[in-house]
Structure formats: C-alpha cells, structure tokens
Amino acid sequence: MLSLDADDSSDGPVVTPALDPDSLLVGLTEDQRTAVSHVDGPLLVLAGPGSGKTRVITRRVARLVALGIPAWQVLALTFTNKAAGEMKRRVEEMVPAHVPGRRGLVVSTFHAFCAMFLRRHATECGVDPDFVIYDADDQRSAMKSALADAGLDAKNFQPAAVLSKVSGAKNQLLDAAAFREEASDFSSRQVAKAYEAYERILARNKALDFDDLLMRVATALGTDDALRRTVSARYRYVLIDEYQDTNRAQFAIARHIAGEHRNICVVGDPDQSIYRWRGADIRNILEFEESFEGATAVALGENFRSTEHIVAAADSLIRHNKRRKAKPLYTAQGSGEQVRVVRVPDEHAEADEVAKAIVSANAAGVPWREMAVLYRMNALSRVVEDALRRRQVPYRIVRGTAFFERKEVKDLVAYLRIVANAADDVACARVVNVPPRGIGESSVAKIERTALVRGIPLLDALRLARDAGVADRTARRIDEFRGMVSRWRGVLEQGEPGALAAFVEMVLDEAGLREFADGTDGDDLDQRRANLDEVVNAAGDFELPEDPAGAAPTLLRALQGFLQSVALVADSDAFDPESGAVTLMTLHAAKGLEFELVSMVGCEEGLLPHARAREGGEDIEEERRLCFVGMTRAKRRLLMTYAANRTVRGMRMSSMESEFLREIAEANVAREDLAGGWMSGDGGNGADEPWRDEFDSPRGLGSQFPVGCAVRHPLFGVGTVQAILPRGSVTSARVAFRTVGVKTLVLEYAKLVRL
C-alpha cells in the first residue's frame with residue numbers, strides 16, 4: 001500500500017502553476033498523448049508488449065494533478081508490489097513535493113488496497129480490524145481442520161483441491177451459503193460442507209485469506225449504498241493496470257467505485273491474459289466498452305523493447321487467437337536477428353544448446369542479468385541448471401515467496417502473528433512448542449478441543465490447560481508461554497512505530513528461536529541464522545504508509561502492516577534486475593519483465609501447449625497467449641527449443657514440436673535441426689538411420705540387452721529390443737512391446753528384465 005503523502009481531502013480543487021500539464025505530453029507518441037490527455041469518462045488503453053504503458057499511466061496521473069485534481073481523489077491499482085513501487089517513484093519524480101494537490105495519491109496492489117479498506121471500514125464490512133491474512137500454508141492447515149470438522153476424508157478430498165474450489169467460489173463472489181445453494185452434485189455438496197467449516201475456522205481465528213480481501217470489499221460496496229457513495233466520492237479517478245488479469249471480484253470493486261462518476265481508465269492487453277487458472281476473466285477487458293458505454297479506446301501498438309523479427313514472429317502467432325482485440329504491432333528498433341527455432345535430440349542436448357547460447361552472448365558483451373531461460377513447467381529447469389553449472393554460468397531461480405516459506409522464518413512470523421492477533425489459532429498451534437518446551441501434541445489436542453467446545457481462541461484456552469486434563473508440569477510450561485506472549489502484547493501496545501525492528505528482535509531472542517537454530521545440526525546452520533536476522537532487517541526496512549483516515553501510527557499498526565506486506569509478496573517481486581546471474585523462471589512469472597536474450601525451452605506438444613489445454617479451445621488460446629508473453633520478453637535475441645525425445649517419469653518418449661512453432665511466420669524464423677534422424681521416434685526399423693552402426697555396438701549397461709533379445713517391463717509387459725541408444729550419462733533402449741507398441745526407455749530407470 002503506497003501513499004505519496006497524508007490525506008489532503010480537506011482541500012478543494014487546487015491550482016498547480018508549478019506544473020505545466022502540457023509538459024507531460026512531451027516525448028510521447030500520438031497514441032500515448034491521446035491516452036495521457038484524456039480526463040473524464042471511461043478510457044480503455046490497449047497496450048501491446050513494450051509499448052510504454054507504465055509511462056502512460058504515470059504521466060496521466062501526474063497530468064490529472066497538474067490540471068488541479070487533488071491527488072487524494074486518484075486511486076491507481078495494479079497487481080504487484082514492484083509495479084506499484086515503480087509507479088509511485090515515477091509520479092514522485094514528475095510531481096515534486098512542493099506542488100499543491102500532490103498529497104494523498106494511493107498507488108497500491110488490489111490486495112493491499114482491500115486490506116487497508118477493510119481495516120478502515122471493518123464495521124461496515126463485518127470483519128475484525130485486527131484480522132490477519134493467511135498465506136497458502138495457513139490456508140492448507142485451516143482446510144485440513146475444516147475437512148476433519150466436516151467429517152470428510154482428506155484422502156478423498158485433498159485440501160489443496162478443495163481450497164482451489166473455494167477460491168474459485170470466492171472469485172465469483174459466492175460465500176459459503178451461496179455456494180451450498182448452487183451445489184448440485186455429491187462432490188459439490190461435500191465441498192460446501194468444507195467451505196462452511198473453513199469459514200468458521202477463519203472467523204474464530206480473526207483471519208482472512210487472499211480471496212476474502214477482494215470478496216469482502218466487493219460485497220460491502222455492492223450492498224452498502226452509503227459506503228459505496230463515500231468511497232466513490234473519495235476516489236473520483238480510478239486507474240487499473242493489467243486489467244486483463246482482473247477477476248470478477250476486482251471488476252465489481254472497480255465498477256462500484258467508478259460506477260457513478262465513470263472516471264475509470266483501464267490499461268491492459270487481452271493478448272497477455274494468462275491467469276485464467278487463478279480466476280482472471282478476459283471478458284472484463286474484452287467487454288469493457290459494453291460495461292462502460294461511450295468509452296474511449298486507444299491502442300498502443302508500437303513496441304519500444306524488441307526488434308522487428310521478434311515482434312513480427314509474436315504477432316503472427318497471436319493472430320491465430322479469436323478472442324482478442326486486434327491492434328497493429330510494430331517497432332522501430334531495427335530488424336535484428338531472426339528467431340532461432342532449434343530441434344535437439346533430447347533435454348540434455350537442449351540444455352547444452354541453451355547454455356552455449358548464453359555463454360556466447362556473454363562473451364559478446366551481454367551481462368548475465370540480461371538473459372533468461374523460460375519454461376512452462378518448473379521441472380524443466382533441472383537439466384538446464386546442470387548445464388549452466390557445468391559451464392560455470394551464474395544463475396538464479398525465481399520461486400516467488402521462497403524466503404518467507406522457510407521453516408525458521410515462518411516460525412518467527414507465526415510468533416509475531418499471535419502477538420498481533422490473539423485469535424490466530426494456526427499461528428498459536430505452530431509455535432506453542434517451538435522451540436520444544438515439553439508441550440506434546442496430545443496436550444495441544446486436548447486444549448484445542450476445549451477451545452472448540454467453549455468457542456474461544458486457542459491462546460485463551462491455554463489458561464484452561466489443567467481443566468483440559470493436561471499434566472501439571474506441562475501446564476506450567478504453557479503458563480510460561482502465555483506469559484511471554486502477554487508481555488510482548490503489552491510492549492506492542494505501548495511501543496513506538498519506529499521500534500518495529502527492535503520488537504521483532506526481542507521476540508526472536510526471548511522466544512529462543514535463535515538458540516533453537518544455533519543448536520540444530522546441519523550444513524545450513526549459518527543460512528538459518530541469516531534468515532532470522534533478515535526478518536529483523538526486513539522489519540527495519542518496512543515503512544508504514546500513512547493512514548488516509550489520519551489515524552496515528554502505532555507499533556501495533558506497524559506490525560500489522562509488516563505482516564500484511566509479508567503475506568502479499570508476489571511471484572515477480574522476487575525478481576532482482578540487478579542480480580549478476582541468468583534468471584530461470586516460468587513463463588507465468590516472467591510477465592512484465594524483459595531481457596536481451598530469452599531462451600524458451602520445451603516448446604513441444606504436451607508442454608506448451610500443456611496437455612490439459614486440449615480439453616477446450618479457450619485453454620489453447622490461453623496457452624498461445626502464454627507463448628506470446630514469453631516471446632515478447634526478448635529484446636534482441638530469442639531462442640526457442642524443442643526435443644525430439646524427452647524423458648518422462650524415467651522413460652524416453654518421442655516428442656512433437658509445438659503447434660505454436662508452426663504458426664510463426666517463416667520469414668521471421670531461422671530453423672535448425674540438431675537431432676537429424678537420431679531417435680526420430682517414427683517406430684521404423686532404423687535401416688536408413690545414420691546412428692545405426694554406433695548403436696549396434698552397445699557398451700556398458702546397453703550390452704546387457706542386445707538388439708533382438710526379449711525383455712519384460714513391469715508396466716508394459718513383454719517386448720523385443722529394437723535398438724540401444726547411448727546418450728551422455730544414460731542409455732536408452734527402444735523396445736517393441738506386444739500390447740502398447742514401441743517405447744523408448746532409459747535403462748537406468750526402466751527396470752527391464754531380460755528373458
């Protein structure tokens with residue numbers, strides 16, 4: 001949640017002679033000027049890749065202020081903390097602090113804005129103002145308990161799968177009762193039971209999950225007319241970035257805030273909508289002009305990032321989609337190199353080819369940090385990592401919230417959560433015996449039952465340990481834990497907001513977590529200590545945004561804000577553009593980034609597009625958009641690879657190039673075949689294959705299975721060896737099975753038995 005300054009809502013419209021509105025149009029293209037100059041009424045900006053959309057948004061915000069619109073009446077929403085921070089920085093540079101009307105602009109992610117909104121309007125929204133936000137692990141823990149409460153077997157109803165259905169329901173603004181009403185089959189009715197139990201657990205813990213933040217705000221604005229009018233008057237100009245990624249709840253929030261004054265500007269690209277699996281609804285941007293009649297539409301088609309061959313190749317691909325808004329894509333960055341599309345024998349050759357391209361580019365002057373390897377599935381990174389290590393190429397994998405997922409970090413954060421919110425049962429249960437205090441699971445279970453029966457938080461129930469049947473010695477340890485948490489709460493309520501880092505360090509030391517880490521065996525001891533210290537550093541770096549309502553900052557508010565920032569870390573926030581290393585990441589995580597050289601591996605049927613996408617045409621279109629996003633991350637060089645054969649679950653399987661590669665205009669592609677006839681997967685007799693002489697003279701493990709011998713496989717049954725295929729560190733055999741046809745298997749894993 002980012003606010004340039006305190007709320008200045010007491011001021012009326014102001015005059016800003018210190019900032020000339022027309023100066024903010026200098027250096028823009030005609031289309032960009034049209035978008036920036038627009039003031040009142042709905043505006044749709046269709047921003048192609050690399051078209052300068054952030055420049056358009058920030059200049060439009062600055063120009064609104066320059067025109068005399070108070071910044072506190074402007075709300076800018078986006079999806080990542082990094083994007084919000086960049087917007088804030090750019091606006092600050094364009095609108096100096098002395099300019100009248102600058103105060104109070106809110107630049108925020110959707111989730112952070114909603115968290116602030118719920119704390120400010122807790123009563124109207126029906127939530128406790130001290131709520132905590134449950135991360136993915138907390139949600140899974142709560143759902144496990146919910147399944148047990150609902151009498152459902154976790155083997156038949158896996159927590160992650162049920163959570164996915166609950167998340168989908170919340171994105172559609174269906175609470176537990178509404179979901180139960182719509183449940184029409186057995187499975188849905190069981191999920192409804194789990195949903196209701198899950199909501200009871202969240203309420204008892206004074207907790208909200210990520211989807212609640214959006215659903216609660218959307219519901220409150222949709223049902224409370226007075227609240228909606230207040231918020232609409234407060235934010236008279238709404239800007240939304242990456243609008244193609246909004247879900248139904250986010251659309252509802254935007255519509256409720258801007259429905260009356262209609263001053264809404266959305267910026268996005270239907271061709272880059274790749275998050276349907278987590279609720280994004282492409283209809284929001286495709287049907288914007290229907291939702292807001294009379295909207296002005298501006299297309300930004302000029303790409304300032306990539307060269308002509310890359311732009312044209314990506315454009316020729318995405319034109320195969322039907323659900324899109326056509327716009328011209330062009331660039332003035334020169335023709336550049338054609339897109340390299342390379343067929344390789346297998347995943348090891350693929351990784352080696354990528355590594356060679358990276359090393360060659362670095363030798364030509366491209367920094368490591370300007371190169372990335374992108375893939376559809378995380379599992380594809382392993383062999384690439386091996387190849388980069390062999391060539392001593394520095395690399396890093398972007399894994400999103402990895403730091404805050406480490407056990408020692410989550411333990412410390414759980415302590416902070418239980419101090420900030422005494423009703424947080426998940427946090428309390430996690431740390432009541434961390435470090436070990438002699439409080440066993442059976443004792444905790446007894447107290448949890450007491451808490452459930454009496455309808456009180458677990459922390460409160462700890463004082464009833466003896467009544468619950470806990471041994472006196474254990475009860476004394478529990479009393480010590482309660483006393484420690486109570487003492488911290490007293491410090492929290494009296495402390496100054498600037499003392500957050502000192503408070504976190506106090507909790508860390510007094511809880512014994514540092515000694516607990518110090519006393520743990522293992523090679524990563526120093527790393528665990530460093531991680532705990534880094535939480536203290538993060539608390540010291542945290543800046544509490546000023547409350548638009550003018551509430552005085554307190555240490556409690558600082559801790560709540562810090563915990564909120566930890567819970568709302570986004571995947572792309574983990575990317576460090578200054579890192580002197582090659583970046584490995586998924587195509588989804590790469591959105592919004594750019595690199596001199598991009599290598600896309602695994603461009604094969606079943607991988608990209610993913611096998612699941614064959615279930616419907618809409619899925620294929622999203623996969624094509626995902627490929628488009630990956631291609632347009634490249635500025636100067638793009639390498640796309642696919643393997644003739646790939647190892648899947650220990651078996652060598654033939655692969656086919658992605659249909660997306662065949663859809664790219666040939667004029668923009670330079671194709672290379674490094675596989676030739678090797679392991680073509682055609683199932684033939686190999687008479688014309690150039691590698692036959694080599695394979696007819698097997699060595700090592702392959703010598704145990706000569707061509708023509710009979711073998712048995714535990715899954716495929718009896719077959720005959722057709723060829724032995726040595727490759728690098730592994731050896732494969734092509735076997736003709738009686739029941740399933742020809743399969744290529746890795747002998748090291750296949751468990752073949754010679755008959």
Does the distance from a Lys or Arg side-chain N to an Asp or Glu carboxylate O, for [X] and [Y], drop under 4.0 Å?
| X | Y | result |
| --- | --- | --- |
| Lys327 | Glu302 | no |
| Arg89 | Glu92 | no |
| Lys591 | Glu242 | yes |

Interatomic spacing from [atom1] in [X] to [atom2] in [Y] - rounded to 0.5 Å:
| X | Y | atom1 | atom2 | answer |
| --- | --- | --- | --- | --- |
| Asp241 | Thr54 | CG | OG1 | 6.0 Å |
| Gln139 | Asp137 | CD | CG | 9.5 Å |
| Leu64 | Ile69 | CG | CD1 | 4.5 Å |
| Asp269 | Leu300 | CG | CG | 10.0 Å |
| Phe628 | Leu329 | CZ | CG | 5.5 Å |
| Leu286 | Ser291 | CG | OG | 10.5 Å |

TODO: Please lay out, stage by stage, how Leu213 and Phe131 fare under the test side-chain contact (heavy atoms from CB on, under 4.5 Å).
DONE: CA-CA 11 Å; Leu213 298 176; Phe131 66 83; 4.1 Å; yes

Less than 4.5 Å apart, any side-chain heavy atom of [X] and any of [Y]?
| X | Y | value |
| --- | --- | --- |
| Glu493 | Leu556 | no |
| Pro49 | Arg633 | yes |
| Leu105 | Gln73 | no |
| Val45 | Arg60 | no |
| Arg216 | Cys114 | no |
| Phe79 | His111 | no |
| Phe210 | Ser167 | no |
| Asp211 | Asn171 | yes |

Just checking [X]: does its [atom1] atom have more than 12 heavy atoms from other residues, nucleotides or ligands closer to it than 6.0 angstrom?
| X | atom1 | value |
| --- | --- | --- |
| Glu30 | CD | no |
| Glu287 | CD | yes |
| Arg283 | CZ | no |

Mark yes or no for whether [X], through its side chain, and [Y], through its backbone, hold a donor-acceptor pair below 3.5 Å.
| X | Y | answer |
| --- | --- | --- |
| His38 | Cys265 | no |
| Gln32 | Thr29 | yes |
| Arg305 | Thr632 | yes |
| Thr246 | Tyr243 | yes |
| Asn205 | Leu202 | no |
| Arg59 | Leu24 | yes |
| Ser232 | Arg228 | no |
| Thr296 | Leu43 | no |

Does the side chain of [X] come under 3.5 Å of the side chain of [Y] through a donor N or O and an acceptor N or O?
| X | Y | answer |
| --- | --- | --- |
| Tyr237 | Asp40 | yes |
| Gln560 | Asp130 | yes |
| Asp281 | Asn247 | no |

TODO: Apply ring-ring contact (aromatic ring centres under 6.0 Å, His included) to Trp488 and Tyr415, showing your working.
DONE: CA-CA 10 Å; Trp488 293 337; Tyr415 267 109; 5.8 Å; yes

Distance-minimising heavy-atom pair for [X] and [Y]:
| X | Y | value |
| --- | --- | --- |
| Tyr195 | Lys170 | OH-CG, 3.3 Å |
| Pro457 | Ala423 | CB-CA, 3.7 Å |
| Ala47 | Lys53 | CB-CB, 3.7 Å |
| Ala295 | Glu289 | CB-CG, 4.2 Å |
| Thr78 | Ala84 | CG2-N, 3.6 Å |
| Val629 | Leu587 | CG1-O, 4.4 Å |

TODO: Take Glu622 and Arg323 through the test salt bridge (Lys or Arg N to Asp or Glu O under 4.0 Å) and record every step on the way to the result.
DONE: CA-CA 10 Å; Glu622 176 142 336; Arg323 302 191 73 207; over 6 Å; no

- [ ] Show the numbers, then the answer: is there a side-chain contact (heavy atoms from CB on, under 4.5 Å) between Val166 and Phe179?
- [x] CA-CA 9 Å; Val166 169; Phe179 184 83; over 6 Å; no

Task: Under the ring pair (Phe, Tyr, Trp, His ring centres under 6.0 Å) test, residues paired with His121 that sit two or more places apart - done: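 His121 satisfies ring pair (Phe, Tyr, Trp, His ring centres under 6.0 Å) with Phe117 once adjacent residues are dropped.
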
Open item on the list: Run Asp271 and Arg625 through salt bridge (Lys or Arg N to Asp or Glu O under 4.0 Å) and show every step you take.
Closed with: CA-CA 6 Å; Asp271 293 336; Arg625 293 194 292 267; over 6 Å; no

Open item on the list: If you apply the rule side-chain contact (heavy atoms from CB on, under 4.5 Å), what do you find for Ile257 with Leu221, and how did you get there?
Closed with: CA-CA 8 Å; Ile257 296 177; Leu221 290 175; 4.1 Å; yes

TODO: For the pair Lys325 and Leu44, evaluate side-chain contact (heavy atoms from CB on, under 4.5 Å) and give the outcome as yes or no after the intermediate values.
DONE: CA-CA 12 Å; Lys325 284 183 174 290; Leu44 169 63; 4.2 Å; yes

- [ ] Evaluate the criterion salt bridge (Lys or Arg N to Asp or Glu O under 4.0 Å) for residue pair Asp128 and Lys206; output intermediate values, then yes/no.
- [x] CA-CA 6 Å; Asp128 190 293; Lys206 293 199 297 187; 3.7 Å; yes

- [ ] Determine the sole option in Asp209, Asp212, Asp424 for which the side chain to side chain donor-acceptor pair (under 3.5 Å) test with Tyr134 is passed.
- [x]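 Of the listed options, the one satisfying the test is Asp424.
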
